[in-house]
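We count residues from 1, following the sequence as given.
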Amino acid sequence: MGKNEAGKSSVLEIVLWCLRGRSGLQRDVRHWLRLVRVGFEVDGEPLLVDMTVRAGLPHGHVVSTQSGTVLVDFDGLADFEESMDAFMMERLGLEPLRTAQVAPGGPDEPPITGELSWPSYASALHISRSGLGTLLGNDTRHGLPTRLLELFLGAPWASTKVDASVALKIVKAQLSAARSRAAGDAEARKAQLKELSGRLEAARGKLASLPEAGSAAENVQQLYTALASSTGAAVTAQDALVAARSAHNALETQRFDLAAAVHSAEEAALARAFFHTLMPTVCPRCDTAVDKSRWEKEKEGHCSLCASDLDEAPSSEGWEAESDAQANDLLQTLADVQRTVDAAAADLAQAQQHAGNTESARIIAFDRLQEVLHNPGLRERREIELMVAHLEGAVAERSGRFADLDAAVDLVPLEQAAAVLAAAEKLAMDRRTQVLKKVLGDVEQDIVAMGRALGLEMLREVKLAGNASLTVWKGGQKHNYGGVTEGEQLRLKIVTTIALLRHGYRSGVGRHPGLLFIDSPGAEEVDAGDLQNMLRDLVTLTEMVPDLQVIVATARGAEVREIVPVDNMRLAAEGQRLW
């Protein structure tokens, strides 16, 4: 009692460590710890952070004492912070606060985006001497005081405004980079155009200095035409030659087959005539003698050997006549085919000669064209003409109506997106500001009334802006929050926090977690009456908002004893330590 630097701030920091997961303890104090247990309640469910600390590192879990269920396990500083971050954000229904910072590379680089989550929100739970430089919370980075003001008052459209703002910064960076690229491309295109135009003028000058091609150029065109014509004629002649050869070969095959048939017919006729004139004397099968009586049967129409019926009596003259008729027919057909073969052979010879002539003409045309094309003067002129045509096309491409099309394609969608996001940010900001204006007047009145009750007797007026900056009028002069004394800063910070909490709970839209730590409110030049008034107002606040819990650590126990109910106070005996 009455002794500072006795560990009360460390106790608050230990409790805060267990609630937010991020340690604010000094290294030596953290290394003294062995076992830490902190109980708290969220939405009516009792919870317990139970951890051992070895070499300053936490190892443990968060458990529901109602069901005995282990909800979170953690091992180490970083794991504890990440685990509590995710757990508390989900349990309290909070959303991460998006941030965007200008990249070190400048506005053309994408901004560095990030999120502020539970440890940043938790800075609204703690008021201490180390954070007096900031009206709300303990850090000014990423517009945190503004975010906390919106949290206290449940400001609508605040998250929409922030999201639109972050997205706009990203798109603006992309747009700036695209414009830089477009400008760079334009400069490069201009340089390329200048270089190509110079080369084009030089090529045109060189072409103008060469002698006119005149008839040589016309001759080349004629030779190209002659080569194309002779090549077409040679192809047609080759096709005709193939057709003539195919027809001749087919007729030759037919003639050969007929000649073979004629030869076979002639041999058959001779054999038949020979065998029919013979008179058999014995059977060729069994050697039985053929007598005269069997010969007589042939006159009756029966074979002398087998007794088979004969169509007519054998006659050598008839056989010879029949054979001669067949042979004559075949010979006539063969003569006709031979004449056709001879005609086809003539056509084939003519086709061969024509194909040879057309191929010779093609070779001559090709050789003449090559001879002209390899003329040094004409070849050089053609090369320069091709170069001029190429350069004219390149210059037209870089100076035509579509020269800046690529840049426009990149810029237009980004410009449209930036315009939409800027309009969304302005609309959300206007609506947020409109709502805040209605409530900040009441909050300012509470700040003045409580501030005067806490000893700021010269306080006449305050102005709390939407960006969580406070302007103070006292003693007839205007001051900003950072321009008053540390004692005045402490009291203003406390009454501002209380006023915001009052309004948030009164309106039912505030989203403060309902827990507030105040470390050493009487450490600065606050007299006993002012401190008691401060504590009395805090007690009144907790009576008005039953779900709000305020924990105050102070060495000025005598002042506390008269205000805080004994059941809500831990007070060390005179000259003793509390723990």
Please name the pair of heavy atoms, one in [X] and one in [Y], separated by the smallest distance, quoted to 0.1 Å.
X: R20; Y: P119; result: O-CG, 4.2 Å
X: L136; Y: A468; result: CD1-CB, 4.1 Å
X: K478; Y: T471; result: CE-CG2, 3.5 Å

Working for side-chain contact (heavy atoms from CB on, under 4.5 Å), residues W473 and Q477
CA-CA 6 Å; W473 283 266; Q477 299 296 319; over 6 Å; no
Do Y121 and D85 touch side chain to side chain, with heavy atoms closer than 4.5 Å?
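A side-chain contact under 4.5 Å is absent here.
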Would you indicate whether the side-chain heavy atoms of E486 and L490 approach each other to under 4.5 Å?
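Side-chain contact under 4.5 Å: no.
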What's the verdict on side-chain contact (heavy atoms from CB on, under 4.5 Å) for H126 and E13, showing C-alpha distance, side-chain angles and the deciding distance?
CA-CA 9 Å; H126 188 205; E13 285 292 347; 3.4 Å; yes
Check this for me: does any side-chain nitrogen of one of R204 and E201 sit under 4.0 Å from a carboxylate oxygen of the other?
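Yes, R204 and E201 are salt-bridged.
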Under the rule for side-chain contact (heavy atoms from CB on, under 4.5 Å), what residues qualify as partners of V72, not counting sequence neighbours?
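Partners of V72 under the side-chain contact (heavy atoms from CB on, under 4.5 Å) test: V62, F74, S83, F87.
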Backbone N/O of [Y] and side chain of [X]: donor-acceptor pair under 3.5 Å:
X: S176; Y: K172; answer: no
X: T496; Y: K493; answer: no
X: S23; Y: L25; answer: yes

Pairs involving residues 460-470, ordered by first then second residue, that meet side chain to side chain donor-acceptor pair (under 3.5 Å) (sequence neighbours left out)
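Of all non-adjacent pairs touching residues 460-470, those that pass side chain to side chain donor-acceptor pair (under 3.5 Å) are N467-S469.
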Under the side-chain contact (heavy atoms from CB on, under 4.5 Å) criterion, do M450 and I498 qualify, and how do the steps go?
CA-CA 9 Å; M450 286 188 292; I498 294 173; 3.7 Å; yes
Using the rule side-chain contact (heavy atoms from CB on, under 4.5 Å), only one of L464, V495, V439 pairs with L500; which is it?
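Testing each of L464, V495, V439 against L500, the sole residue satisfying side-chain contact (heavy atoms from CB on, under 4.5 Å) is L464.
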